[in-house]
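By convention in this document, chain letters (A, B, ...) are assigned in the order of the sequence lines, proteins followed by strands, and residues within each chain are numbered from 1. Quick caveat: nothing in here was measured; it's all calculated off a predicted structure.
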Protein chains: 2
Amino acid sequence: MTGKKVLVVDDDAKTVELVKLYLNRDGYRVLTASDGIEALRLAREGHPDLIVLDIMLPGVDGLTVCRALRAESDVPIIMLTARTTDQDKLDGLDLGADDYVTKPFSPREMAARVRAILRRLPGERGPDEIRCGGLIVNFARHEAVLQGRPLNLTIVEFKLLGVLVREPGRVFSRAELIEKALGYDFEGFDRTIDVHILNLRRKLEPDPKNPRYIKTVYGVGYKLAEVNSGT
Amino acid sequence: MTGKKVLVVDDDAKTVELVKLYLNRDGYRVLTASDGIEALRLAREGHPDLIVLDIMLPGVDGLTVCRALRAESDVPIIMLTARTTDQDKLDGLDLGADDYVTKPFSPREMAARVRAILRRLPGERGPDEIRCGGLIVNFARHEAVLQGRPLNLTIVEFKLLGVLVREPGRVFSRAELIEKALGYDFEGFDRTIDVHILNLRRKLEPDPKNPRYIKTVYGVGYKLAEVNSGT
DNA sequence: CGTAATTATTAAGAAATTGTTAATTTATTA
DNA sequence: TAATAAATTAACAATTTCTTAATAATTACG
């Protein structure tokens, strides 16, 4: 873990603690501030890699802080707003915030957004791309390439391949694939997966009848073969 | 099926029954409670592997129960909330719940989340791989390899070998093997096992007539020989 | 040695799983 | 909103695996 620094600014101590808890769990160092003045000071002296900034602040408000920060640096900012009116969101974005989250929010979601932004920061792209044999799956570009030839995958096909390619060789049951590619709330049948696998194979297998990449494990599910180019 | 235990806590009997129905269908044993006091008692005495906990409870509320449980164990908790305000979710997560579901929810989705959490529990999957002599059985990959040569096992063969390899040297009766490899609900005959053992031997024994790995214990059952490479 | 009990082997039919196509529903885009 | 693309379902075919039943071989033990 790189230990990126995140500055969290909110006048509600409980919110700050909650966000801090989750970000710490993700391996980030966290600075905290409860008002605009302190926020500006820490933003300048602490060199955070990302700032989570509430709009409603005592003293200098969040919008002003955001404006001030934007004038002097490109640090990514996630705006926090208690109000639901879209005008607030627009204002925040207008000021150059990278993302906005409406209160009340789930700390998991917040942590995910922080990860997402820091991931696309120059330097640490993280596992934005996975290679396996001649297969390249790029999550940031939402693009899969096989032997230099781009596959034209649909969303579900891409997600399926994404799940498989993250753990090549491991067998995934249809239930697992549904959970991970279609979501917990999918109410349909197992066999839907079969059709998606079929379509995937048509797009990436040289000979779909004899799959080289996506193997069927009879009675269990599917897996991505680990391709040793030399063998 | 391991028959993991799940405690479902909700004051609405209909909700409890619905969740119970779906969890039973997945092979889980289900304990139920309708108030906080009972929940705590069952959580302590019933040793559930997971708890589904409603926030709104008469008497001791769900949040308090969650807090109390967290103080004394790491049992995974899924919080249930009827209110849509995310503040509830936050509180739940803050207390260490592993997941939350907002009412009204789909019982299928609930069951899926329960499966997902129990699946990634440390004890649940056991080791992903067991080695014994030149034999490697990898459960995640659903693959068995002998002296570097992959065996092409069917599900039943794989499960049988899996049972044997977990306790090399121990004799398993046919009844035991049926239970563990074919399931409790198998209605067939003992002798089916013989055929599977035969097929297994054909795939892994250098000389199936003189089994080196899977030994017959006359009048008792089968066992996996402990292989000392030097002998 | 011979008999009864147990296990090994074989092969065929039954059952379960997967592959495939096409029609239908749902979502997206112009 | 119409046109297009995608996801899902349903039905059937193809395949694999499981189970059974019948027979042969082996073991235990008087």
CZ of R201(B) versus C1' of dA25(D): gap in Å, rounded? 13 Å
Does Y218(A) contact dT16(D) through a side-chain donor or acceptor facing the base, at a distance under 3.5 Å? yes
Spacing of D194(B) atom CG relative to dA24(D) atom C1', expressed in whole Å: 14 Å
Between which nucleotides of DNA chain C, read 5' to 3', does contact with chain B run, using atoms under 4.0 Å from its heavy atoms? dA5(C) to dT10(C)
Protein-nucleotide distance (H142(B), atom NE2; dT16(D), atom P), rounded to Å: 18 Å
Can you tell me how far C1' of dT16(D) sits from CZ of F158(B), to the nearest Å? 18 Å
With no hydrogens and no angle check, just 3.5 Å: does a side-chain donor-acceptor pair link S173(A) and R115(B)? no
Inter-axis angle, terminal five-pair segments of the helix from dC1(C)-dG30(D) to dA30(C)-dT1(D) [nearest 10°]: 40°
With sequence neighbours left out, write down each residue that passes side-chain contact (heavy atoms from CB on, under 4.5 Å) with T32(B), or none if nothing qualifies. V16(B), K20(B), V30(B)
Under 6.0 Å from the ring centre and within 45 degrees of the ring axis: does the NZ or CZ of R170(A) meet both conditions for the six-membered ring of F172(A)? yes
Using atom CD of E187(B) as one end and atom C1' of dC18(D) as the other, report the distance to the nearest whole Å. 15 Å
Send over the distance from I178(A) CD1 to dT8(D) C1', rounded to a whole Å. 11 Å
Without decimals, in angstroms, what is the distance between R174(A) CZ and dT8(D) P? 15 Å
Is the NZ or CZ atom of R25(B) both under 6.0 Å from the centre of the six-membered ring of Y22(B) and within 45° of that ring's axis? yes
Donor on one side chain, acceptor on other, N138(B) and E143(B), under 3.5 Å: no
L21(B) atom CG: more than 12 heavy-atom contacts under 6.0 Å: yes
What I want to check is whether the side chains of R201(B) and Y213(B) have a donor and an acceptor closer together than 3.5 Å. no
Can you see if the side chain of T192(B) gets near the phosphate of dT20(D) - specifically, an N or O under 4.0 Å from OP1 or OP2? yes
Within-4.5 Å side-chain heavy-atom neighbours: L160(A) and Y222(A): no
Just how far, in rounded Å, is C1' of dT16(D) from NE2 of H196(B)? 13 Å
Whether F158(A) and F139(A) hold their rings parallel, tilted or perpendicular, with breakpoints at 30° and 60°: perpendicular
